[in-house]
Amino acid sequence: MINKRVAFLGAGNMAEAIISGFIQSEKLAKEQIITANQCNQERLSELKNKYGIEAVTKDQLDYTTIDVFILAMKPKDIDGVLEDLRDKITADQLLISVLAGISTSYMEENLNDGQQVIRVMPNTSSMIQESATAISPGRHVSMDQVLLAKEMMKCIGEAYLIDEDKMDIYTGIAGSGPAYFYNLMEHVENVGHQAGLDRELVREIGAQTLFGAAKMILEQEETPKELREKITSPNGTTAAGLDALNAYGGGLAIIEAVKSAASRSKELSKESEKQLVFQK
């Protein structure tokens, strides 16, 4: 059990995914969780009724009672939130940000000296508590706070410490990664259906195949290359399939997809912070 009082600033889908993970894992009691937003009473009531947590507008929040703030508003609203926090919190209160494109250094520059800030990046699988979440601590964070953040994020899946300058490649792999698998499944489903199989059956078979293969990577000692070679017999069906895959782009397409997503992530981060500075 995590003995901290946690406040979500923002009540969107990612905030809800983390709230749900906290409660389902029983790592935080409902009484320890509070969510606050600017004025959307309907959304606050929805979360309060669904999860049994406290939900208030930001002007009703007692900032002094909170151990950890999770920043989950829209990135464009970050400056106003940081300005509020600068006047209302102390350096030993931890800020965990799930905001894409907003660096820890940007937040530190707009908060009090020594403020503890950690940036986390869950992916869409957080909705079912199967996220691969990156954690990047700021300059002033203690190891105890890093371990606390990791324990909290493990409520929605697995959590990994990533240097912040590697956050873009993380995005290319894990942030955009689910879409690569969905795209693969889309094509598998179509070809299976065209061959006469029921579409939903193909979807289930394909998803189970991906799930089983992923589980073997996590649970076996062999590398992905070794596992691939182990099941690829010369002149067999798997070899034929892999030959066709490589002939039409194969691994090169995957490499370029990850690199392109990472490059776009870097561009968007620069654009976000540049726009925020311009608005000041």
Side-chain angles (χ1 to χ4, degrees), residues 2 4 6 8 13-22 24-28 68-72 75 94-108 116-182 210-227 254-255 257-266 268-269 272:
I2 298 171
K4 300 291 181 182
V6 178
F8 288 80
N13 291 336
M14 185 55 70
E16 182 172 1
I18 299 173
I19 290 168
S20 177
F22 285 166
Q24 289 189 41
S25 68
E26 299 183 343
K27 284 293 185 73
L28 272 84
V68 181
F69 294 90
I70 296 182
L71 309 185
L94 176 64
L95 302 185
I96 296 178
S97 169
V98 299
L99 306 181
I102 308 298
S103 65
T104 57
S105 59
Y106 182 88
M107 289 183 281
E108 288 168 347
Q116 297 190 82
V117 178
I118 294 177
R119 182 181 175 191
V120 302
M121 287 287 287
N123 65 12
T124 187
S125 301
S126 60
M127 304 300 176
I128 57 167
Q129 286 80 58
E130 291 292 350
S131 176
T133 300
I135 298 176
S136 294
R139 293 179 299 157
H140 310 297
V141 178
S142 69
M143 183 51 64
D144 284 345
Q145 298 290 51
V146 172
L147 294 175
L148 171 62
K150 188 170 184 179
E151 185 179 4
M152 294 174 74
M153 290 302 106
K154 284 177 72 69
C155 294
I156 56 170
E158 293 298 328
Y160 310 93
L161 288 179
I162 302 288
D163 290 339
E164 192 164 15
D165 63 358
K166 304 297 189 299
M167 210 41 122
D168 296 312
I169 191 64
Y170 158 83
T171 298
I173 296 169
S176 303
Y180 310 151
F181 290 101
Y182 298 151
L210 286 178
F211 174 77
K215 193 171 182 181
M216 286 192 71
I217 289 175
L218 291 173
E219 295 183 358
Q220 304 295 319
E221 293 185 359
E222 293 100 326
T223 66
K225 179 182 178 182
E226 289 169 340
L227 288 169
I254 296 168
I255 290 169
V258 173
K259 289 169 63 176
S260 295
S263 177
R264 184 56 179 150
S265 172
K266 185 175 292 185
L268 290 173
S269 295
S272 294

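Sequence positions, counted from 1, serve as the residue numbers for this chain. In what follows, every heavy atom counts, from backbone to side chain, and hydrogens, waters and symmetry copies are set aside.
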Heavy-atom count check: over 12 atoms from other residues, nucleotides or ligands less than 6.0 Å from Glu226 CD?
yes
Do side-chain atoms of Gln116 reach the backbone of Ser142 as a donor and acceptor pair under 3.5 angstrom?
yes
Could you tell me if the side chain of Leu218 sits less than 4.5 Å from the side chain of Lys215, heavy atoms only?
no
Residues at least two apart in sequence or cross-chain that pass side-chain contact (heavy atoms from CB on, under 4.5 Å) with Ile128, listed by chain then number, are Glu130
Taking atom types as modelled, find out whether Ser25 and Gln129 have a side-chain donor-acceptor pair closer than 3.5 angstrom.
no
Rounded distance [0.5 Å steps], CG in Leu268 versus CG in Asp168:
9.0 Å
Apply side chain to side chain contact (heavy atoms under 4.5 Å, CB included) to the pair Glu164 and Thr104, showing each step before the final yes or no.
CA-CA 8 Å; Glu164 192 164 15; Thr104 57; 2.5 Å; yes
Shortest non-hydrogen contact from Pro178 to Gly175?
CD-O, 3.7 Å
Taking side-chain hydrogen bond (donor to acceptor under 3.5 Å, both in side chains) as the definition, give me every residue that meets it alongside Ser103, ordered by chain and number, with sequence neighbours left out.
Ser105, Glu273
Taking the side chain as everything from C-beta on, heavy atoms only, tell me whether Glu151 gets closer than 4.5 Å to Ile2.
yes
Does atom OH of Tyr160 have more than 12 heavy-atom neighbours from other groups under 6.0 Å away?
yes
Which is it for Ser136 and Met167 under the side chain to side chain contact (heavy atoms under 4.5 Å, CB included) test, yes or no, and what are the steps along the way?
CA-CA 8 Å; Ser136 294; Met167 210 41 122; 3.3 Å; yes
Compare every heavy atom of Ile169 with every heavy atom of Ala262, then report the nearest pair and how far apart it is.
CB-CA, 3.9 Å
Can you see which heavy atom on Val141 is nearest to which on Val117, and at what distance?
CG2-O, 3.1 Å
Can you tell me how far NZ of Lys266 sits from CG of Asp165, rounded to the nearest 0.5 angstrom?
8.5 Å
Tell me whether Ser269 contacts the main-chain N or O of Ser265 through its side chain, where contact means a donor paired with an acceptor under 3.5 Å.
yes
Asn123 versus Ala132, closest heavy-atom pair with distance
OD1-N, 3.5 Å
Minimum heavy-atom distance between Ile156 and Gly21, given as atom pair plus value:
CG2-CA, 4.1 Å
dist Leu99:CG -> Tyr106:OH (nearest 0.5 Å) comes out at 11.0 Å
Any side-chain heavy-atom pair from Ile70 and Met152 closer than 4.5 angstrom?
yes
To the nearest 0.5 Å, what is the distance between OG1 on Thr133 and CD1 on Ile162?
10.5 Å
Distance-minimising heavy-atom pair for Ser176 and Ala261
OG-CB, 3.6 Å
Give, for atom OG of Ser20 and atom CG of Asn13, the distance between the pair rounded to the nearest 0.5 Å.
12.0 Å
Quick one: pull up CE in Met216 and CZ in Phe211 and give me the separation to the nearest 0.5 Å.
12.5 Å
Residues passing the salt bridge (charged side-chain N to carboxylate O under 4.0 Å, His left out) test with Glu16, sequence neighbours excluded, are Arg43, Lys50
Could you check whether any side-chain heavy atom of Gln145 comes within less than 4.5 Å of a side-chain heavy atom of Pro137, counting everything from C-beta outward?
no
